[in-house]
*Asks:* 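My questions all concern the structure below.
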Amino acid sequence: MIELHGLTKRFGEKLAVDSLTFSVRPGMVTGFLGPNGAGKSTTMRLMLGLDRPTAGDVRIDGKHYQDLDEPLRYIGALLEAQARHPGRSAYNHLLCLAQSNRIPRARVAEVLDLVGLQAVAKKRTKGFSLGMGQRLGIAAALLGDPTILMFDEPVNGLDPEGIHWIRNLMKRLAAEGRTVFVSSHLMSEMALTADHLVVIGKGKLLADTTMAEFIRQNSRSFVRVRTPQPEQLRDALHGAGITAVTAADGSYEISGVTAARLGDLAAQHRIVLHELSPQQASLEEAFMQLTAETVEYHAHETPPPEPVAAEPVAEPAGAWGENWQQRGRGRSGEGG
């Protein structure tokens with residue numbers, strides 16, 4: 001378990017992390033979300049003792065990171081996948097880490113096989129692609145077979161197969177009872193992976209809740225109903241005290257009522273339904289709604305420039321025939 005109590009970090013006048021208090025519990029994947037500049041990377045560095053907090057405290061299984069003997073056996077982390085010596089092979093990079101924490105040499109081969117790098121284990125990492133470097137960083141995090149894992153943008157540079165693999169890996173690790181903490185800007189991927197969410201903005205805690213509850217609290221849910229008998233349905237809804245909003249396509253959007261109740265109501269009045277579908281916002285939409293006031297870096301869209309008609313370029317007088325002859329001679333097999 002990771003426990004934060006009043007964690008604060010200030011860089012000069014900049015308050016990067018502001019009194020964060022939350023816990024990352026075992027047995028689930030906890031997503032760590034926030035806009036750029038929210039303080040996510042700083043928070044993760046504070047967890048690992050890479051920065052000193054201005055105030056507050058972080059505990060890893062009840063201890064400060066610097067007090068852990070052989071820390072790779074407690075917590076494995078991927079914060080910067082490119083943090084490696086380019087002249088070392090993948091095998092030797094992991095071997096150095098293993099020897100510093102008394103991890104058996106055999107474990108190096110195991111994690112290389114696990115992440116799919118066994119074929120390039122003896123190659124120098126300076127020639128690795130972004131995806132290969134990412135896999136090596138994941139291997140380093142898994143090296144000590146730790147009970148806690150932290151990943152910052154773990155799918156960065158991975159192909160679709162790799163993204164599917166790391167998603168299932170994180171779920172499996174959580175199912176084994178481990179603590180899995182992952183930060184990512186890919187909302188669609190986070191929606192498929194995380195069970196619990198911690199959301200921050202401008203260094204402050206905005207949410208600490210389950211995925212389902214987060215979406216429910218920060219978005220509008222409704223049931224969409226389409227029917228060829230709109231007047232009859234409207235009368236039936238009015239009689240039941242149900243308010244409906246008419247959408248642009250003529251369907252009804254109804255909040256606060258389950259699809260099952262609406263279906264039963266339509267059946268009672270012999271109303272034909274062409275659609276009866278619960279609608280809920282995506283994680284991305286809910287995240288944008290919650291963090292709208294905490295976004296530090298705003299991009300401003302600019303309209304594309306008006307197309308300008310090209311001016312015809314006039315050939316110099318008497319040059320066309322000469323240019324044509326030169327072009328013809330310059331083409332292989334032409335102009336003879």
Side-chain angles (χ1 to χ4, degrees), residues 22 25 27-35 38 155 160 163-164 167-168 170-171 174-175 180 182 184-202 204-295 298-301 303:
F22 64 86
R25 297 176 177 82
M28 65 180 70
V29 178
T30 299
F32 191 35
L33 305 181
V155 304
I163 293 173
H164 184 265
R167 181 199 309 150
N168 288 336
M170 289 189 288
K171 287 183 175 182
V180 181
V182 54
S184 178
H185 287 108
L186 294 180
M187 294 295 153
S188 58
E189 194 57 37
M190 191 67 80
L192 295 172
T193 307
D195 307 297
H196 196 90
L197 292 178
V198 172
V199 185
I200 65 173
K202 293 185 178 180
K204 291 181 176 290
L205 184 67
L206 300 181
D208 180 5
T209 185
T210 65
M211 174 72 72
E213 186 65 14
F214 177 79
I215 294 175
R216 189 191 67 78
Q217 289 180 349
N218 296 285
S219 63
R220 172 178 170 253
S221 300
F222 61 92
V223 178
R224 178 182 290 126
V225 183
R226 283 191 308 113
T227 175
Q229 302 168 271
E231 293 183 2
Q232 293 91 322
L233 179 60
R234 186 173 61 248
D235 291 342
L237 293 172
H238 180 74
I242 298 172
T243 301
V245 176
T246 304
D249 62 356
S251 64
Y252 289 124
E253 295 180 356
I254 304 166
S255 301
V257 185
T258 65
R261 184 184 174 195
L262 293 172
D264 290 342
L265 183 64
Q268 291 169 11
H269 291 81
R270 300 181 180 274
I271 297 172
V272 175
L273 298 183
H274 287 174
E275 181 180 359
L276 180 65
S277 58
Q279 303 291 315
Q280 189 173 47
S282 66
L283 172 61
E284 180 178 5
E285 292 168 325
F287 173 79
M288 296 291 286
Q289 177 71 25
L290 177 65
T291 62
E293 301 300 321
T294 65
V295 175
H298 289 274
H300 298 282
E301 295 185 4

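In this text, all values refer to a predicted model and were calculated from it rather than measured experimentally. Values below: all heavy atoms of this structure, side chains included; hydrogens, waters and symmetry mates excluded.
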*Asks:* For the residue pair M190 and V182, establish whether any side-chain heavy-atom pair is separated by less than 4.5 Å.
*Replies:* yes

*Asks:* Nearest 0.5 angstrom please: I163 CD1 to L192 CG, how far?
*Replies:* 10.5 Å

*Asks:* Taking atom CZ of R224 as the centre, does the number of heavy atoms from other residues, nucleotides or ligands within less than 6.0 Å exceed 12?
*Replies:* yes

*Asks:* Give the minimum heavy-atom separation between S221 and S255, together with the two atoms involved.
*Replies:* O-OG, 3.6 Å

*Asks:* Do I242 and R261 have side chains that get closer than 4.5 Å, going by heavy atoms?
*Replies:* yes

*Asks:* Rounded to the nearest 0.5 Å, how far does CZ of R25 lie from CG of D195?
*Replies:*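 Here the interatomic distance stands at 13.0 Å.
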
*Asks:* Would you mind reporting whether L197 and L33 have side-chain heavy atoms less than 4.5 Å apart?
*Replies:* yes

*Asks:* Indicate yes or no: at least one non-hydrogen side-chain atom of V245 is less than 4.5 angstrom from one of Y252.
*Replies:*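 They are not in contact (no side-chain heavy atoms under 4.5 Å apart), so the answer is no.
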
*Asks:* Roughly how far apart are I271 CD1 and D235 CG, rounded to 0.5 Å?
*Replies:* 8.0 Å

*Asks:* As an exercise, state the distance from CE of M211 to OG1 of T30, rounded to the nearest 0.5 Å.
*Replies:* 10.0 Å

*Asks:* Identify the two heavy atoms, one from A194 and one from G31, that lie closest to each other, and give their separation to 0.1 Å.
*Replies:*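 The pair with the smallest heavy-atom distance is CB-N, 3.8 Å.
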
*Asks:* Between CD of E189 and CG of L283, what distance do you get to the nearest 0.5 Å?
*Replies:*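 Nearest 0.5 Å value for the CD-CG distance: 11.5 Å.
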
*Asks:* Could you tell me which non-hydrogen atom of A244 sits nearest to which non-hydrogen atom of L237, and how far apart they are?
*Replies:*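 Closest pair (atom of A244, atom of L237, distance): CB-CD1, 3.8 Å.
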
*Asks:* Show your working on side-chain contact (heavy atoms from CB on, under 4.5 Å) between L276 and V225 and close with a plain yes or no.
*Replies:* CA-CA 5 Å; L276 180 65; V225 183; 3.8 Å; yes

*Asks:* Between S277 and Q279, do the side chains contain an N or O donor and an N or O acceptor separated by less than 3.5 Å?
*Replies:*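 Yes, a side-chain donor-acceptor pair sits under 3.5 Å.
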
*Asks:* Assess the side chains of T227 and Q229: does a donor N or O sit below 3.5 Å from an acceptor N or O?
*Replies:*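 Short answer, no.
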
*Asks:* Determine the minimum heavy-atom distance between G34 and H185, stating which atoms define it.
*Replies:*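 Smallest interatomic distance, heavy atoms only, reads O-NE2, 3.7 Å.
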
*Asks:* For T193 and R167, work out which heavy atoms get closest and say how close.
*Replies:*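 Shortest heavy-atom contact: OG1-CG, 3.2 Å.
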
*Asks:* Heavy atoms, side chains only, cut-off 4.5 Å: are L273 and L262 in contact?
*Replies:* no

*Asks:* Taking atom CG of L205 and atom CD1 of I200, what is their separation to the nearest 0.5 Å?
*Replies:* 8.0 Å

